[in-house]
Amino acid sequence: MSSILDELNEEQRKAAEKIEGPVLILAGAGSGKTRTVTYRIAHMVKEIGISPLNILALTFTNKAAREMKERAAALIGHEANNLVVSTFHSFSVRLLKTYSERIGYGRNFNIYDVDDQKSIITKIKKDMGIKDNDNVQPGKLANKISKLKEQGIGIKELEREIDMRIPANRLFGEIYQKYDEVLKANNAMDFSDLLLNARKLLDDAFVLERIQERYQYIVVDEYQDTNDIQYEMINLIAAKYRNICVVGDEDQSIYAFRGANINNILNFERDYKEAFTVKLERNYRSTKKILDTANELIKNNKSSKGKTLWTDDSDGEKIKIYNAMTVYDEADFIVTEMKKKKRAGADYKDMTILYRTNAQSRVLEEKLLSANIPYKIYGGMQFFQRKEIKDILAYLSLLNNKNDNHNFYRIINVPKRSVGEKTLEKIQEVANEKNISMLEALHYIDEIPVRAATKLALKEFYNLMQGIYSSLEEMSIKEIFDEILIRTRYIDSIEDNKEDRVKNIEELLNSIIELEKQNPNMSLNEYLDMISLSSSTDEMEDDENYVKLMTIHSSKGLEFDYVFLAGMEDGLFPSISFDAPEEELEEERRLCYVAITRAKKELFISYSSSRKIWGKDDNLRRPSRFIYEMKQDNLEYVGGKYGSLKGKSSAPRSFTPKIENFNPFSKDKLGRFGKKSGNSQTASNVNSKYKVGDVVNHKKFGRGKIKKVDMKSMIVEFMVGEKKIALVLADKILGK
Ligand SMILES: Nc1ncnc2c1ncn2[C@@H]1O[C@H](COP(=O)(O)OP(=O)(O)OP(=O)(O)O)[C@@H](O)[C@H]1O
Ligand SMILES: [Mg+2]
């Protein structure tokens with residue numbers, strides 16, 4: 001009899017079939033782990049008859065969750081709607097929406113993002129009279145607080161962790177405490193709170209029992225990246241039925257910096273003595289050369305347990321490596337290769353550019369734009385973080401939760417209502433006195449001594465909010481949106497970047513209309529949760545034909561025919577200093593392993609000899625040590641203007657790294673890639689005649705502006721595009 005599982009290989013099938021009891025699938029990239037668990041779920045529902053309501057599948061990104069659900073739906077149809085396939089954060093919200101009152105939160109709690117965290121901390125600092133200085137930057141503090149929370153270190157535990165006799169620590173403790181109080185008072189949670197509070201719910205026997213009964217079968221993908229709280233959550237829920245299947249690859253653990261604990265997967269067999277373990281060894285994704293390159297690289301990690309991974313696929317092309325002179329040159333290379341692939345019949349949607357940090361996307365974006373290649377960037381300044389979008393969402397959040405003083409602060413003077421600090425203090429006083437929120441305090445505006453004009457504006461604001469609030473149930477989100485926009489005259493109030501901002505607001509409206517079409521009865525609360533939980537890769541539509549740009553971190557679990565890995569330079573990738581501990585280097589190497597193994601057909605690696613680092617030109621950048629660790633036979637160094645160089649001997653020196661002479665760890669090379677680099681100052685002094693920003697006249701290209709100057713050349717932007725001009729020739733062909 002045919003089965004859903006016929007489309008799995010023997011090993012995969014064994015793992016998918018074993019429904020009862022703990023199962024561990026430990027296997028390398030592209031070996032079909034995610035496919036196996038997806039088919040397993042389909043098999044459970046369709047062929048065993050387990051109710052989808054009893055299944056919980058957890059994964060790392062919204063995109064991965066959605067994909068898994070879609071694939072399951074393709075196999076089992078509408079029953080997939082009853083499956084809970086979600087990220088840890090969405091799952092936590094799901095639990096909290098039902099049970100938050102048991103731990104002292106209202107059900108309509110708002111969710112704060114990093115931006116909210118930062119502005120709350122800024123306000124706390126201001127109230128405490130702390131001046132801005134490096135040690136107490138809001139972003140750093142927010143990060144530190146999140147990290148502590150996710151390690152289960154609350155304010156009470158803090159004293160055990162850090163020495164409170166040190167004034168800076170005491171100060172931090174105080175900020176941490178105030179921060180927590182503000183969130184609690186506002187009935188709000190940050191992202192760490194979501195996990196932490198969901199975890200806390202499970203200490204409640206009443207809740208735990210219900211959750212255990214509901215989710216009798218658990219599947220966790222990317223288990224190697226779970227942190228301790230996530231680990232505890234899973235294990236508490238699984239404790240009763242012990243039907244838990246975890247999937248992962250210790251070589252792809254890339255979130256240690258956010259508290260992921262690789263031991264969670266390594267100790268699974270200790271946690272569950274009866275575990276059934278399956279190893280998958282066949283890779284279905286990549287060519288032999290790509291797979292071989294990845295395998296060779298990861299061998300350098302002492303912590304890697306080593307595993308066999310083979311493929312039946314063809315040898316494939318060599319990995320192309322390009323040494324660019326500048327980041328513009330690097331982007332040119334990528335764009336040119338993409339166009340070549342396109343001409344040869346490939347689609348842009350099958351190409352991706354991966355990089356270590358979001359900042360790298362800007363130059364790439366410029367070049368893609370001018371080359372007319374459709375693209376989309378994931379991450380970075382995300383749509384929902386833009387000021388105008390956050391403003392409107394703040395109105396919505398305040399309507400959802402009257403206690404949210406943070407969002408009240410955000411919008412009380414947006415658009416301007418001439419509300420100053422003094423007025424706010426007075427409102428705060430009334431709120432404190434009557435133990436109500438700031439918004440509710442406006443009800444007593446006549447008792448508050450403020451200027452007539454301000455009073456009028458505040459009344460208008462209060463009436464607007466009250467009006468909507470009283471008919472919240474009847475209004476659609478689009479109607480609320482319209483009401484806010486029209487009554488506040490928000491659009492009129494925008495001063496800078498008006499065109500862009502209005503476009504963004506329009507985009508927000510479009511997305512609301514679209515979402516309401518899909519979920520006709522969506523409440524405001526549900527809408528806000530959805531927005532808060534949507535992450536960078538969320539909007540990714542596979543059928544749209546554009547190139548995708550993203551960090552390696554967000555590419556986890558995904559695959560593309562053509563992968564361009566940009567910025568492979570020491571200091572950028574690995575993005576650590578020369579004396580960083582071995583574990584950090586190993587995590588970077590795992591990240592590189594993830595990047596390489598995203599590629600199905602071809603991999604392009606590029607690095608630039610010069611790049612701006614913290615606003616300074618660094619013209620002595622070295623290729624990443626990871627390139628040297630790859631098997632050189634699999635690599636092909638590509639020359640300038642992108643023709644391949646025949647044999648290494650004919651390659652110009654700069655294009656062919658000399659492995660013998662280069663030891664990235666030797667200290668005498670320090671100046672070339674370590675902390676002491678930055679000889680760029682000399683470069684621009686030597687050529688002080690030409691400076692960035694100067695306008696020059698070229699005999700052929702006409703007037704142009706100098707964009708960059710380095711030791712040997714400069715980049716000038718002309719009407720026809722950018723050109724590189726050697727400094728030795730500059731005097732001959734240019735006039736100022
Ligand atoms: N038995 C199989 N038959 C055909 N194709 C397969 C099989 N197993 C896996 N594949 C394909 O191989 C590719 C990689 O599979 P999948 O994404 O499940 O791997 P993975 O182990 O989860 O990878 P990663 O470690 O990157 O998350 C997918 O395109 C998948 O459809
Ligand atoms: Mg996977």
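First listed ligand is number 1; within each ligand, the first listed atom is number 1. For the single chain, residues carry numbers from 1 onward in sequence order.
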Point to revise | Among Ile254, Ile596, Leu591, Thr357, side chain to side chain contact (heavy atoms under 4.5 Å, CB included) partner for Ile552 | key: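 Between Ile552 and the candidates, side chain to side chain contact (heavy atoms under 4.5 Å, CB included) is satisfied uniquely by Leu591.
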[X] and [Y]: side chain donor to acceptor below 3.5 Å:
X: Thr34; Y: Asp221; result: yes
X: Glu250; Y: Ser304; result: no
X: Ser3; Y: Glu47; result: yes
X: Asp313; Y: Thr287; result: no
X: Glu213; Y: Tyr241; result: yes

Option with minimal heavy-atom separation from [atom], where the choices are [options]:
atom: atom 1 (N) of ligand 1; options: Lys33, Gln12, Lys556, Glu11; result: Gln12
atom: atom 2 (C) of ligand 1; options: Tyr593, Tyr284, Phe60; result: Tyr284
atom: atom 9 (C) of ligand 1; options: Arg35, Met68, Gln252; result: Arg35

Under 4.0 Å to a heavy atom of [X] - the qualifying atoms of ligand 1, by number:
X: Gly28; result: 21 (O)
X: Asn9; result: 1 (N)
X: Gly557; result: 27 (O)

Nearest neighbour in protein (non-hydrogen) for [atom]:
atom: atom 29 (O) of ligand 1; answer: Glu559 OE2, 2.6 Å
atom: atom 19 (O) of ligand 1; answer: Gly32 N, 3.0 Å
atom: atom 17 (O) of ligand 1; answer: Arg285 NH2, 3.1 Å
atom: atom 23 (O) of ligand 1; answer: Gly30 N, 2.9 Å
atom: atom 22 (O) of ligand 1; answer: Thr34 OG1, 2.8 Å

Practice item. Applying salt bridge (Lys or Arg N to Asp or Glu O under 4.0 Å), run through Lys601 and Glu317 and close with a yes or a no. Key: CA-CA 8 Å; Lys601 295 186 177 150; Glu317 300 285 322; over 6 Å; no
Check your understanding: For ligand 1, does Arg598 get within less than 4.0 Å through its side chain, its backbone, both, or neither, judged by non-hydrogen atoms?
Key ->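 It is the side chain that touches ligand 1; the backbone stays farther off.
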Check your understanding: Would Glu7 count as a contact of ligand 1 if the rule is a heavy atom under 4.0 Å away?
Key ->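 The answer is yes, since Glu7 has a heavy atom less than 4.0 Å from ligand 1.
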Review point. Does Leu635 reach the side chain of Ile627, with side-chain heavy atoms less than 4.5 Å apart?
Key: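 They are in contact (side-chain heavy atoms under 4.5 Å apart), so the answer is yes.
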Point to revise | Euclidean distance, Lys302 NZ relative to Leu585 CG, rounded to 0.5 Å | key: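 Answer for the CG-NZ pair, Leu585 versus Lys302, is 9.0 Å.
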